[in-house]
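To keep things clear, I will list the structure first and then write my remarks on it.
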Amino acid sequence: MLLSLTSLTPRRLLEAAQARGSASSCLRAVRAGRIGSEGDRAYARSMDGAAILSKLPAAGTRLIAVYDDEYPVGLMDLFDPPAGLFVRGHLLGEFGPRVAIVGARNCSPAGGEIASLLGAALARTGACVVSGGARGIDAAAHRGALEAGGATVAVLGCGIDVAYPRSNRRLLERILVSGALVSEYPPGVRAEPFRFPARNRIVAALSKAVVVVEGATGSGSMITADHALDVGRDVFAVPATVTSPLSWAPHALIRDGATLIRGPEDLLADLGLEGAAEATAEPAAGASSAPGLGRAERKVWDALTVASPPDTLARRTGLGLPEVVSALVGLEMRSLVRHLGGRYERRAHERGSP
């Protein structure tokens, strides 16, 4: 019940628990009006904490309090660590190194594909992908990890039993099979705007590094990156076409010192994850077994018979320069092409048709 109160921030709640010695003492103080707001007081008087706890097993949920064995120690790096976590799925300690992938909800097709490729590459090394369960980049990163047979953790900005957004209900159910859902909010708490920035601090602190793939001005992914820097996590960013509004967040981070990554190979190498070459390699059949290319990517690939700069490829294909650059980024993320001295060329082992 205490975790449902809106005026008691996690830090204030932990301080109150430390001063009063127990959750029940804190609850009595809220009901008596000694801590919390009037709204919290009314809520605490009307709710039965034991009844809330009794519902957790039916929802397949467990409550992890601070200093419980399963509580991730990295969360204690936060200024306001959650006083408790509601978890569904596997034990959080089962997962390998955790890496967050975040970005725009309304992402571009190329951005979604990049997030999926990064998630899959991380999963193949045994790493666990962490994200926020949202549309766009979050969902693509989760799916990439799952499709590679790996584990992923979704941190929710709503009650642990609330599927938000509804369009991701099936994805969240898939995550439970090999991964976990995490929330600091008990069952029944609806998604509200102020809960998502709070959720982002958990995404950052759960992870050893944060990767940002696309994000417009004011993007929530910038909040996650800021939290990551505050708690000493590495921040990586994927560059994009400078004319795209979605390039603002990664480019701002790169300008401020985040590590630029061109694809899975860069990320895994920088993280020092074993098996990087195997994780980023395409199947033995080569490019012919890569996922289907988009219209622009196919045109650029067909035109890339010799090493060429983007403007030359734009003339050959009849595409606009921004579209060519976006297609090249997608091909590079697939490890089909590489960038050398302002020119792009097919990788030596990928001379066949994709």
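Here the structure is a predicted model, which means the values were calculated and not measured.
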Check step by step if side chain to side chain contact (heavy atoms under 4.5 Å, CB included) holds for Met76 and Tyr67. CA-CA 10 Å; Met76 297 307 293; Tyr67 306 125; 4.0 Å; yes
Do [X] and [Y] have side chains that get closer than 4.5 Å, going by heavy atoms?
X      : Y      : value
Asn106 : Arg135 : yes
Leu328 : Val324 : yes
Leu122 : Cys128 : no
Pro81  : Val66  : no
Glu113 : Glu297 : yes
Val238 : Pro250 : no
Asp270 : Ile261 : yes
Leu156 : Val182 : no

Check the hydrophobic clustering (I, L, V, M, F, W, Y; side-chain heavy atoms under 4.5 Å; chains of links allowed) and say if [X] and [Y] are grouped together.
X      : Y      : value
Val325 : Leu246 : no
Leu253 : Ile223 : no
Val203 : Val162 : no
Leu271 : Val211 : yes
Ile64  : Leu91  : no

Under the rule for ring pair (Phe, Tyr, Trp, His ring centres under 6.0 Å), what residues qualify as partners of Phe196, not counting sequence neighbours?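 For Phe196, the residues satisfying ring pair (Phe, Tyr, Trp, His ring centres under 6.0 Å) (neighbours in sequence not counted) are Tyr164.
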Whether the side chain of [X] engages the backbone of [Y] through a donor-acceptor N/O pair (distance < 3.5 Å, no angle test) should be reported.
X      : Y      : value
Asp161 : Gly188 : yes
Asp311 : Leu321 : no
Ser219 : Ala249 : no

Name all residues meeting the side-chain contact (heavy atoms from CB on, under 4.5 Å) criterion together with [X]; count only those two or more places apart in sequence or in a different chain, and write none if there are none.
X      : answer
Glu332 : Arg262, Val337, His339, Tyr344
Pro245 : none
Arg316 : Ala303, Val306, Ser308, Thr312, Leu313
Thr243 : Thr241, Pro322

Residues Arg105, Glu214: salt bridge by 4.0 Å N-O rule: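 Looking at Glu214 together with Arg105, the answer is no, because their closest N to O distance does not fall below 4.0 Å.
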Set of salt bridge (Lys or Arg N to Asp or Glu O under 4.0 Å) partners for Arg201, sequence neighbours left out: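 Expected list: Asp80, Glu184.
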Tell me, please, which residues at least two apart from Arg343 pass salt bridge (Lys or Arg N to Asp or Glu O under 4.0 Å).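 Arg343: no salt bridge (Lys or Arg N to Asp or Glu O under 4.0 Å) contacts found.
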In Å, rounded to the nearest 0.5 Å, how long is the span from [atom1] of [X] to [atom2] of [Y]?
X      : Y      : atom1 : atom2 : answer
Arg174 : Arg169 : CZ    : CZ    : 16.0 Å
Ile137 : Ser131 : CD1   : OG    : 9.0 Å
Phe79  : His227 : CZ    : NE2   : 11.5 Å
Glu147 : His142 : CD    : NE2   : 13.0 Å

Pairs meeting criterion ring-ring contact (aromatic ring centres under 6.0 Å, His included) with involvement of residues 232-259, two or more places apart: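 Of all non-adjacent pairs touching residues 232-259, none passes ring-ring contact (aromatic ring centres under 6.0 Å, His included).
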For [X] versus [Y], what's the shortest heavy-atom pair and its separation?
X      : Y      : value
Leu336 : Trp301 : O-CZ3, 3.6 Å
Leu268 : Ala121 : CD1-O, 3.9 Å
Gly111 : Val213 : O-CG1, 3.7 Å
Gly150 : Ala123 : CA-CB, 3.8 Å
Val129 : Ile101 : CG1-CD1, 4.1 Å
Ala134 : Pro165 : CA-CD, 4.2 Å

Mind running side chain to side chain contact (heavy atoms under 4.5 Å, CB included) on Lys299 and Leu319 for me, showing each step along the way? CA-CA 9 Å; Lys299 282 192 170 186; Leu319 300 172; 4.1 Å; yes
Just grab all the salt bridge (Lys or Arg N to Asp or Glu O under 4.0 Å) pairs involving residues 223-252, residues at least two apart or on different chains.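 Qualifying pairs, neighbours excluded: Asp77-Arg233.
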Tell me the salt bridge (Lys or Arg N to Asp or Glu O under 4.0 Å) pairs involving residues 62-74, sequence neighbours left out?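 Sorted pair list: Arg62-Glu70.
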Candidate pair Leu181 and Val87, rule side chain to side chain contact (heavy atoms under 4.5 Å, CB included), full reasoning: CA-CA 6 Å; Leu181 303 182; Val87 182; over 6 Å; no
Apart from Ile254 itself, which Ile, Leu, Val, Met, Phe, Trp or Tyr residues share its cluster (side-chain heavy atoms under 4.5 Å, direct or through members)?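 Grouped by the 4.5 Å side-chain rule, Leu260 form the rest of the cluster around Ile254.
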Apply side chain to side chain contact (heavy atoms under 4.5 Å, CB included) to Val155 and Ser183, showing your working. CA-CA 6 Å; Val155 183; Ser183 176; over 6 Å; no
Selection residues 89-103 - residue pairs positive for side chain to side chain donor-acceptor pair (under 3.5 Å), sequence neighbours left out: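 Sorted result for residues 89-103: His90-Glu94.
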Does the salt bridge (Lys or Arg N to Asp or Glu O under 4.0 Å) test come out yes or no for Glu173 and Arg170, once each step is laid out? CA-CA 5 Å; Glu173 291 172 351; Arg170 195 165 292 179; 5.4 Å; no
